[in-house]
Trainee: 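Submitted below is the structure of interest, expressed as structure tokens.
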Amino acid sequence: MVETENSKSITLLLNGTISSLKSVIPLEHEFSRPTRVMDKLSLPYGVLIGITGDVKGQLIFSGESAVFGSIGEVMFGMPLEGEMLTSFSGELGNMIAGGLATNIGGHGIQVDITPPTIMEGHTTLSGYKKAIHIDMHYPSDRQLGVYFLLN
Amino acid sequence: MARILVTDDALFMRMQLKDILSKLGHEVVGEAENGLDAVNKVKELQPDVITMDITMPEMDGVQAVREIKKFNSTAKVIMCSAMGQQNMVLDAIQAGASDFIVKPFSADRVQEALEKVLG
């Protein structure tokens, strides 16, 4: 019964995130099937958002910094780099996670999100109980990894 | 033309809002990086309108609205947040916010909110 509830929450989390990604990033896209992550996560650049409330964990968006820059350029019409790219990356994570919280709130799951943490440079993450990964594929071979670390 | 204080912990969002507000013909009189900063800058700058993010370090936006309303009960605050859940919107409105914009937002939505609060 508990496992069923967990599965339902994870499904809502995945669907809510994909729906939010679609509404926030105005690009054609495809996404991979969700896969379970069994090893440490090795990330080139990314943003981490904590999730608290009915579901607890972290949501991570990761890719080359240029991918974040190009998404910013599509969304706001200007190339982003340096401090502005860092700030945009955090805000992108914030908008997607905020959309997720709104989406799953409509299904009776109440969550809050923490301010974004930016991971610049190569980062390795471990110590989580369960992790799920999907890849979002955008035109010009741009790829954004989405990771759910569940506690 | 309104004098506006922009509050958001993200430099990028402050820049985007400043750009939109300037193009709409308003004057951005200051920027605040968190709720506490906003409370102090409202006292100092006395803006016509305040835009307020919710999730910020030091003091969140809903608490900042409550603090601002204690010394300026007629302050006009527009919440600009990625968090659009019903309870968030209700909390903000109960705290005294006049409108609520969900990120990402368009210039048209910002203009609509300003027209509403400025009457």
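Values reported hereafter were calculated over all heavy atoms of this structure, with side chains retained and with hydrogens, waters and symmetry mates removed. Residue numbering restarts at 1 for every chain, and letters A, B, ... go by the order of the sequence lines.
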Trainee: Report whether A:M119 and A:F61 are members of the same hydrophobic cluster (ILVMFWY, side-chain heavy atoms less than 4.5 Å apart, transitive linking).
Mentor: no
Trainee: With respect to chain B, which residue among A:A97, A:A101, A:P115, A:G105 yields the maximal number of heavy-atom pairs within a distance under 4.5 Å?
Mentor: A:A101
Trainee: Can you hop from A:I10 to A:V37 via hydrophobic side chains spaced under 4.5 Å?
Mentor: no
Trainee: Do A:V146 and A:I60 share a hydrophobic cluster, counting only Ile, Leu, Val, Met, Phe, Trp and Tyr and linking them when any side-chain heavy atoms are less than 4.5 Å apart?
Mentor: no
Trainee: What are the residues of residues 65-79 of chain B, in order of number, with any heavy atom under 4.5 angstrom from a heavy atom of chain A?
Mentor: none
Trainee: Could you list the cluster mates of B:L90? Members are the ILVMFWY residues connected by side-chain heavy atoms closer than 4.5 Å, either directly or through other members.
Mentor: none
Trainee: Shared ILVMFWY cluster between A:L149 and A:I104, side chains joined below 4.5 angstrom?
Mentor: no
Trainee: Ignoring hydrogens, what is the shortest heavy-atom contact between B:M83 and A:G98? Give both atom names and the distance.
Mentor: SD-CA, 3.7 Å
Trainee: Between A:F76 and chain B, with a heavy-atom cut-off of 4.5 Å, which part of the residue counts as in contact: side chain, backbone, both or neither?
Mentor: side chain
Trainee: Hydrophobic clusters here meaning ILVMFWY residues chained together by side-chain heavy-atom distances under 4.5 Å, can you tell me if A:F68 and B:M13 are in one?
Mentor: yes
Trainee: Considering only heavy-atom distances, could you tabulate the donor-acceptor pairs under 3.5 Å between chain B and chain A?
Mentor:
unit_1, atom_1, unit_2, atom_2, d
B:L11, N, A:S87, OG, 3.0
B:F12, N, A:S87, OG, 2.7
B:G84, N, A:T102, OG1, 3.0
B:Q85, NE2, A:V111, O, 2.9
B:K103, NZ, A:E91, OE2, 2.8

Trainee: My understanding is that only residues two or more places apart in sequence, or in another chain, count here; which of them pass side chain to side chain contact (heavy atoms under 4.5 Å, CB included) with A:M84?
Mentor: A:L80, B:L11, B:F12, B:M15
